[in-house]
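Just so we're on the same page: letters track the sequence lines, and every chain starts at 1. It should be emphasised that the depicted structure is a prediction, and the values quoted were computed from it without experimental measurement.
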2 protein chains.
Amino acid sequence: MDKTDLKILNALQTDARISLKSLADQCFISSPAISARITRLKKNGIIRDYQANLNYEKLNYHIKAYIQLQLDPAKKERFYPFVTTVPNILECDCVTGEYSQILKVVFESTQVLDEFVNRLQKFGKTSTQIVFSTSVTNRGLKLPDDQDIKSDND
Amino acid sequence: MDKTDLKILNALQTDARISLKSLADQCFISSPAISARITRLKKNGIIRDYQANLNYEKLNYHIKAYIQLQLDPAKKERFYPFVTTVPNILECDCVTGEYSQILKVVFESTQVLDEFVNRLQKFGKTSTQIVFSTSVTNRGLKLPDDQDIKSDND
DNA sequence: GTTGAAACGACACACCG
DNA sequence: CGGTGTGTCGTTTCAAC
């Protein structure tokens, strides 16, 4: 995991569709070398995938919300199939604190969100926070590329 | 915004580095047609950007957390430059409820997270939830591509 | 939206440090 | 082993329809 790898990761976080040649020019090495590095980074699981970031409001998903859930331990088994199946759940984390799960969701309207919350309450007590506005939108982590770092599996 | 557009958006959310030709084959139209559609979707702001999804744990950012903040209204002006500057803040939303801001952050360790929370407390009262595990990782929204939808700006 | 030609980029190989 | 340079193939782009 040297400076070149970090430069590649930063560039791919900013624009995942950048060409190998463009990356090669920025890193002052050849395109085959870039290609080999990206293959390695992906095989090591450092690069998970590449995804287009969409503006969901323009696609009529006007409501974004965070839902906190006190997941009933007895219903844990049925919860994981549930969260992976509902496409409106963009993220789901098991966390410390009074509520054990945080879900990030998008819906067409508050009505549909309400229906979803009702379904979710089968799994435990919920607390919903609707998003007014977003100042930082799901951005990538800018890595310091002026020094090497050690990674778990190089 | 017809079925072909939705197919393209779904494909790009799954793999942003997919080739135009591959998209063309899947949608049964020519590559120049795909290229024109993507250009339009990007100009309309429906496609925001393309980003590589990284495994931050393997890059030594072991701690992911949600921080709730009761932002002091008097310090609002100084808050927005702050959140956009600190790279560890991956997302920041203004929300309903007792706390007005939710921040998603990643840090190298709980110690560094603690230092950050101290800095954040200059802006108001905080409540931190550290992530144990993630069952749904920041995935894209699968759009129903069996029927057309109307968008705000076509 | 389609086609065809030209420009461009990606990949595979042999070679070099 | 990881990088370079060339050649070939596939892809993107542009013009004309």
First encountered from the 5' end of DNA chain D, between A:Ile29 and B:Ile18: A:Ile29
Value in whole Å for how far the P atom of D:dC1 lies from CG of A:Asp2: 17 Å
Nearest-angstrom distance from the residue atom CG of A:Leu23 to C1' of D:dG3: 16 Å
Atom-pair distance (CD1 on A:Ile38; P on D:dG2), nearest Å: 15 Å
Atom pair distance, as rounded to whole Å: CD1 in A:Ile34 and P in D:dG5: 14 Å
Residue whose nearest DNA chain D nucleotide is more 5′ - A:Arg17 or A:Ala36: A:Ala36
Phosphate OP1/OP2 of D:dG3: any A:Arg37 side-chain N/O under 4.0 Å: yes
Sugar-phosphate, base or nothing in reach of A:Ser19, heavy atoms under 4.0 Å: sugar-phosphate
Protein-nucleotide distance (B:Lys21, atom NZ; C:dA10, atom C1'), rounded to Å: 15 Å
A:Arg37 with A:Asp2: basic N within carboxylate O range, under 4.0 Å: yes
Atom pair CD/OH of A:Glu108 and A:Tyr56 - distance to nearest 0.5 Å: 12.5 Å
Euclidean distance, B:Lys125 NZ relative to B:Gln70 CD, rounded to 0.5 Å: 5.0 Å
Whole angstrom value for the distance that separates P of D:dG10 from CG of B:Asp25: 13 Å
Presence of B:Ser35 side-chain N/O under 4.0 Å of D:dT13 phosphate oxygens OP1/OP2: yes
Among D:dG3, D:dT13, D:dT11, the nucleotide that comes nearest once only the side chain of B:Leu20 is considered: D:dT13
Spacing of CZ belonging to A:Arg48 relative to CD1 belonging to A:Ile46, to within rounding of 0.5 Å: 11.0 Å
Nearest to side-chain heavy atoms of B:Pro32, which nucleotide of C:dT3, D:dG3, D:dT12: C:dT3
